[in-house]
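Bear in mind the structure is a predicted one, so any value in this text is a computation, not a measurement.
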Amino acid sequence: MQKLKDWFYSLQPRERMLVLGGGGVVLLVAIYFLALAPFYGAVSGSAQRVAKKQGDLAWMRSVGGEVLALSASSPSAAAPSNESLVVLIDRSARECGLGSALTGQTPSGENGIRVRLEQAEFDKLVVCLGGLQQSHSVAIESATIDRTAKPGFVNASLVLTRPGG
């Protein structure tokens, strides 16, 4: 460290000012790239996610009236059938055009089932779940739905339950 100090003090005053100024510039560039740039990137990414979520919310609000109209015009929920939940989900998925998207079913407790769908058409999935609820009293206990690269298609992990299994 002493050699560096000796070198620095051996410089002319004008050269010392240039070295200090250059060091300051390097310090400012380092602060920008190590602290500010990642922060601005995170803020920009968050703003994009919020805008996307707002678009999704606007779409959901736009079709909310349709859903209410359909639920009001459909008959009240039917009594659950004696058909097993595994068979019911498989049959309903095929009837809704989701048979090829249904990739797995696993029992979950006494009256539940975990269902995995991949590359499922979102609109068909919503209609199918609504039909299961209306006609067979099947409820969604939990759902994780992720977009895929193909617009309108999702991957979904659902836990469905029905009173009396």
Side-chain angles (χ1 to χ4, degrees), residues 1-71 85-86 89-90 92-93 96-133 138-162:
M1 191 67 173
Q2 187 60 38
K3 284 185 179 183
L4 186 60
K5 285 182 181 178
D6 291 342
W7 171 80
F8 181 73
Y9 287 117
S10 71
L11 297 174
Q12 296 295 319
R14 181 177 168 188
E15 292 171 335
R16 279 189 233 151
M17 292 301 287
L18 285 173
V19 168
L20 288 175
V25 168
V26 168
L27 180 64
L28 288 175
V29 168
I31 288 173
Y32 176 78
F33 282 108
L34 295 175
L36 295 178
F39 175 73
Y40 288 135
V43 168
S44 174
S46 294
Q48 289 174 350
R49 283 191 301 278
V50 166
K52 187 173 185 277
K53 300 274 185 204
Q54 287 174 333
D56 291 346
L57 178 61
W59 175 81
M60 287 181 194
R61 285 183 174 158
S62 72
V63 297
E66 276 183 62
V67 172
L68 288 175
L70 287 172
S71 66
L85 204 49
V86 173
I89 299 302
D90 184 62
S92 296
C96 293
L98 295 171
S100 62
L102 184 62
T103 59
Q105 296 187 65
T106 309
S108 175
E110 278 187 39
N111 301 326
I113 187 168
R114 289 184 188 283
V115 178
R116 177 75 184 153
L117 294 112
E118 294 185 11
Q119 295 294 320
E121 203 170 330
F122 180 75
D123 294 342
K124 288 181 180 179
L125 176 62
V126 171
V127 169
C128 191
L129 291 172
L132 283 168
Q133 193 275 326
V138 174
I140 301 170
E141 185 175 302
S142 68
T144 302
I145 300 174
D146 300 309
R147 288 181 183 223
T148 63
K150 190 173 180 183
F153 287 78
V154 296
N155 293 332
S157 293
L158 308 163
V159 177
L160 306 174
T161 58
R162 179 174 65 177

S.K.: Are any of the side-chain heavy atoms of R147 and D56 separated by less than 4.5 Å?
M.R.: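 Sidechains of D56 and R147: in contact.
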S.K.: Restricting to non-hydrogen atoms, name the atom on K124 and the atom on C96 that form the minimum distance, rounded to 0.1 Å.
M.R.: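 Smallest interatomic distance, heavy atoms only, reads CD-O, 3.4 Å.
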S.K.: Taking the side chain from R116 and the backbone from T103, do they hold a donor-acceptor pair closer than 3.5 Å?
M.R.: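 No.
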S.K.: Go through it in stages, so that I can follow the logic: the residues are L158 and L129, the test is side chain to side chain contact (heavy atoms under 4.5 Å, CB included), and I'd like the CA-CA distance, side-chain angles, deciding distance and then a yes or no.
M.R.: CA-CA 10 Å; L158 308 163; L129 291 172; 4.0 Å; yes
S.K.: If you take all heavy atoms of I145 and A156, which pair is closest and at what distance?
M.R.: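 Minimum heavy-atom contact is CG1-CB, 4.0 Å.
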S.K.: Quick one, L132 and I140 - any side-chain contact, counting heavy atoms below 4.5 Å?
M.R.: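 Counting from C-beta outward, L132 and I140 never come under 4.5 Å.
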S.K.: Measuring from atom CZ of F39 to atom CG of L34, what distance do you get when rounded to the nearest 0.5 angstrom?
M.R.: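 If we round to the nearest 0.5 Å, F39:CZ and L34:CG are 15.5 Å apart.
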S.K.: Could you report the tightest heavy-atom contact between C128 and S92, atom names first, then the distance?
M.R.: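 Heavy atoms of C128 and S92 come nearest at SG-O, 3.6 Å.
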S.K.: Where is the tightest heavy-atom contact between L98 and L125, given as atom of each residue plus distance?
M.R.: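 Where L98 meets L125 most closely, the heavy atoms are CD1-CA, 3.7 Å.
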S.K.: Considering all heavy atoms of both residues, which atom of L160 and which atom of L85 are nearest to each other, and what is their separation?
M.R.: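 Taking L160 first and L85 second, the nearest heavy atoms are O-CD2, 4.0 Å.
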S.K.: Kindly compute the distance separating CD (E141) from OG1 (T161), expressed to the nearest 0.5 Å.
M.R.: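 These two atoms lie 5.5 Å from each other.
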S.K.: So how far is it from K3 NZ to D6 CG, rounded to the nearest 0.5 Å?
M.R.: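 Reported to 0.5 Å precision, the distance equals 9.5 Å.
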S.K.: Check whether any side-chain N or O of S46 sits under 3.5 Å from a backbone N or O of A42 as a donor-acceptor pair, and report yes or no.
M.R.: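 The answer is yes, because a donor-acceptor pair under 3.5 Å joins these two groups.
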S.K.: Any heavy-atom pair between the side chains of N111 and R162 that's under 4.5 Å?
M.R.: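 Not in contact.
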S.K.: Would E118 and N155 count as a side chain to side chain contact (heavy atoms under 4.5 Å, CB included) if you check the C-alpha gap in whole Å, the side-chain angles of each, and the deciding distance to 0.1 Å?
M.R.: CA-CA 4 Å; E118 294 185 11; N155 293 332; 3.6 Å; yes
S.K.: Would you say that E15 contacts V19 through its side chain, given a criterion of any heavy-atom pair below 4.5 Å between the two side chains?
M.R.: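 The answer is no; the side chains never approach within 4.5 Å.
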S.K.: Answer whether the closest heavy-atom distance between the side chains of R114 and V159 falls below 4.5 Å.
M.R.: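 When only atoms from C-beta onward are counted, V159 and R114 do touch, with a gap below 4.5 Å.
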S.K.: Keeping T148 on the side-chain end and F153 on the backbone end, is there a donor-acceptor pair under 3.5 Å?
M.R.: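 The answer is yes, because a donor-acceptor pair under 3.5 Å joins these two groups.
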S.K.: Heavy-atom count around Y40 OH within 6.0 Å, excluding the residue itself: above 12?
M.R.: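 No, OH of Y40 has 12 or fewer neighbouring heavy atoms, counting only those of other groups under 6.0 Å.
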S.K.: Are the side chain of S10 and the backbone of W7 linked by a donor-acceptor contact shorter than 3.5 Å?
M.R.: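 Confirmed, S10 side chain pairs with W7 backbone.
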